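A short worksheet on the structure shown next.
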Amino acid sequence: MGHFILIIAALATSVTAKDCMNLTVPVTISSRNGVFNNYATPETNVDATAFVSNLTRQGQNATADALTGYATISGTYHISAQYCQPSSGSKKSIIQVLTHGIGFDKTYWDIAYNDFNYSYVNVATNEYGYDTLIYDRLGIGLSSHGDPKNEIQAFLEIAALAEMTAMLRNGTILGIKRYSKVVHVGHSFGSTQTYSLTNKFPTLSDAIVLTGFSPAAQFVPLFGAGADFQQANLNQPLRFGNPTTAAAISSVLKEDVCLSDPVVQMYDLTDVFARPVDGTAPLNYPNGYLTNSNVDSLQYLFLLAPFFDPGLAYYGEAGKQPVTPGELLTLGSIPQSSAFSGPVLVFTGSNDLPFCGGDCLNTGGLAAPSIPALAVEAFPSAKSFEAYIQPQTGHGLTMHYNATAGYRYINEWIDSQGL
Ligand SMILES: *[C@@H]1O[C@H](CO)[C@@H](O)[C@H](O)[C@H]1NC(C)=O
Ligand SMILES: *[C@@H]1O[C@H](CO)[C@@H](O)[C@H](O)[C@H]1NC(C)=O
Ligand SMILES: *[C@@H]1O[C@H](CO)[C@@H](O)[C@H](O)[C@H]1NC(C)=O
Ligand SMILES: *[C@@H]1O[C@H](CO)[C@@H](O)[C@H](O)[C@H]1NC(C)=O
Ligand SMILES: *[C@@H]1O[C@H](CO)[C@@H](O)[C@H](O)[C@H]1NC(C)=O
Ligand SMILES: *[C@@H]1O[C@H](CO)[C@@H](O)[C@H](O)[C@H]1NC(C)=O
């Protein structure tokens with residue numbers, strides 16, 4: 001009987017599973033980066049907090065304070081990606097390219113928790129017939145890492161996204177067919193990169209969806225402060241550290257003993273015991289890569305209680321990803337307005353922290369229905385513009401109970417653009 005149930009469950013899963021392939025895309029790119037040599041790379045947790053103090057000091061622009069000049073960074077980098085099609089085969093010659101934000105990797109769009117019940121990719125492929133490409137942003141996760149201050153910056157990451165998109169359009173990514181229509185979907189920092197991409201290269205994209213986004217910049221310091229940044233390799237030594245240190249620490253940490261002790265169980269050891277997925281090597285981040293401190297800071301940044309499963313918050317904490325000082329110093333370097341002439345959907349949680357200060361409907365008296373709606377002014381050439389507020393949701397849209405209803409809204413919108 002037990003076996004029979006297992007077999008049925010396995011069949012049920014394979015019927016609904018999308019058809020995916022993992023791949024590494026080599027991109028040869030260059031960008032004009034900031035040189036931030038007035039600031040030393042944060043090497044310790046004291047430095048990490050001092051850096052945040054610099055970043056959030058009132059009346060000061062840390063980007064200008066740190067900047068000593070500009071330099072061209074060039075190289076061939078590797079982008080770790082997952083390409084998916086509907087389980088019943090490709091339906092449309094349109095691909096969605098999804099760029100994650102800070103604190104996550106490509107799995108933000110395809111969360112495995114509860115049998116992929118929160119997966120954007122499942123909805124886009126199996127319910128709406130789109131093909132999808134999710135990827136780890138350059139510098140993060142299984143993509144190439146680099147110098148966290150002067151190399152891994154927004155500009156180089158946008159160059160990687162542009163190159164990958166051009167390769168999709170001319171069919172030069174090994175194993176992926178040629179696409180004449182590309183929709184870019186971003187979250188947070190991934191939305192600001194999508195915004196910059198389509199301003200600089202307005203013909204690379206046929207439509208854009210900016211989730212967890214607004215044109216307001218004044219609330220970003222809440223994110224910097226609320227993260228309580230620490231060195232990634234100290235915060236999750238087994239997962240983010242170097243293989244030698246990780247092995248040494250792993251040999252003295254008695255996980256089974258700790259987690260079965262009722263006294264120890266009162267303490268959250270998620271980060272101490274977080275390990276790489278299925279026996280892969282530790283991610284080996286150098287000093288300077290920073291991460292939020294624990295599950296409570298993750299909640300403050302991304303989640304609105306009580307509209308999420310606490311189990312998913314712990315899952316997200318165990319699988320979180322870091323951010324670089326170079327990214328934090330360049331994430332605000334986006335143009336005031338965009339030359340993009342396709343359709344634009346801005347889709348933001350009602351209680352988004354970094355882009356709405358926790359309340360998207362409180363515009364402080366400005367004549368707009370919401371803070372994200374103010375983005376219409378940044379798109380003077382757009383074919384159409386819509387701002388949608390997803391109710392009962394914080395900044396981390398994919399981690400809330402009602403997430404899939406939001407994915408359906410987004411995909412209905414894409415369907416209605418007549419691409
Ligand atoms: C792709 O990689 C993920 C994470 O390592 C793994 O869970 C998944 O099984 C892989 N998928 C395929 C189709 O190989
Ligand atoms: C903070 O700013 C000061 C003054 O600009 C600078 O000397 C210092 O290196 C900065 N510290 C960090 C950790 O960024
Ligand atoms: C901060 O300084 C940078 C670099 O000089 C500049 O590009 C940016 O516009 C400034 N930001 C603000 C809000 O003034
Ligand atoms: C997935 O979500 C649906 C609706 O939100 C719920 O009814 C179902 O129990 C969930 N399944 C799992 C495996 O969590
Ligand atoms: C395809 O696009 C890439 C990225 O722009 C470019 O490097 C490459 O030369 C193009 N290849 C062909 C065959 O058009
Ligand atoms: C769930 O999301 C959908 C799509 O945005 C929305 O119409 C619906 O009202 C939401 N449900 C709740 C309970 O917030």
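Indexing begins at 1, ligand by ligand and atom by atom, following the structure's order. The structure displayed is predicted, hence computed values, not measured ones.
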May I ask you to check whether Phe302 and Phe104 place their ring centers less than 6.0 Å from one another? yes

Measure across Gly349 and Ile389 and return the closest heavy-atom pair with its distance rounded to 0.1 Å. C-CG2, 4.4 Å

How close does the nearest protein non-hydrogen atom get to atom 11 (N) of ligand 6, and which residue and atom is it? Asn402 ND2, 2.9 Å

Enter the distance from Leu238:CG to Ile249:CD1 here, rounded to the nearest 0.5 Å. 6.5 Å

Pair Phe189 + Tyr195: ring centers closer than 6.0 Å: no

Taking atom 9 (O) of ligand 3 as the reference point, report whether a protein heavy atom occurs under 4.0 Å from it. no

What protein heavy atom sits nearest atom 13 (C) of ligand 6, and how far off is it? Gln392 OE1, 3.7 Å

Please say whether Asn61 places an N or O atom under 3.5 Å from an N or O atom belonging to ligand 3. yes

Protein heavy atom at shortest distance from atom 7 (O) of ligand 6: Tyr388 OH, 3.9 Å

Answer side chain, backbone, both or neither: which part of Asp65 comes under 4.0 Å from ligand 2, heavy atoms only. side chain

Among Asp309, Thr393, Leu312, exactly one meets side chain to side chain contact (heavy atoms under 4.5 Å, CB included) together with Met399. Which residue is that? Leu312

Report, in ascending order of atom number, the atoms of ligand 6 lying under 4.0 Å from any heavy atom of Pro391. 10 (C), 14 (O)

Less than 3.5 Å between some nitrogen or oxygen of Gln390 and one of ligand 6, yes or no? yes

Scan Arg239, Gln231, Gln321, Gln236 and name whichever one has a side-chain hydrogen bond (donor to acceptor under 3.5 Å, both in side chains) with Tyr285. Gln321

Does the separation of the ring centres of His145 and Tyr289 fall below 6.0 angstrom? yes

Which atoms of ligand 2 have any heavy atom of Asn54 under 4.0 Å away? 1 (C), 2 (O), 3 (C), 8 (C), 10 (C), 11 (N), 12 (C), 14 (O)

Note: Asn284 and Pro243 closest approach over all heavy atoms is CG-CD, 3.9 Å

Give me the nearest non-hydrogen protein atom to atom 5 (O) of ligand 3 as residue plus atom name, then the distance to 0.1 Å. Ala64 CB, 3.8 Å

Taking the non-hydrogen atoms of Phe307, is any one of them nearer than 4.0 angstrom to ligand 6? no

How long is the gap from CD1 on Ile410 to CG on Leu397, to the nearest 0.5 Å? 7.0 Å

Please list, in number order, the atoms of ligand 2 under 4.0 Å from a heavy atom of Asp47. 13 (C)

May I ask you to identify the nearest protein heavy atom to atom 4 (C) of ligand 3, giving residue, atom name and distance to one decimal place in Å? Thr63 CG2, 4.0 Å

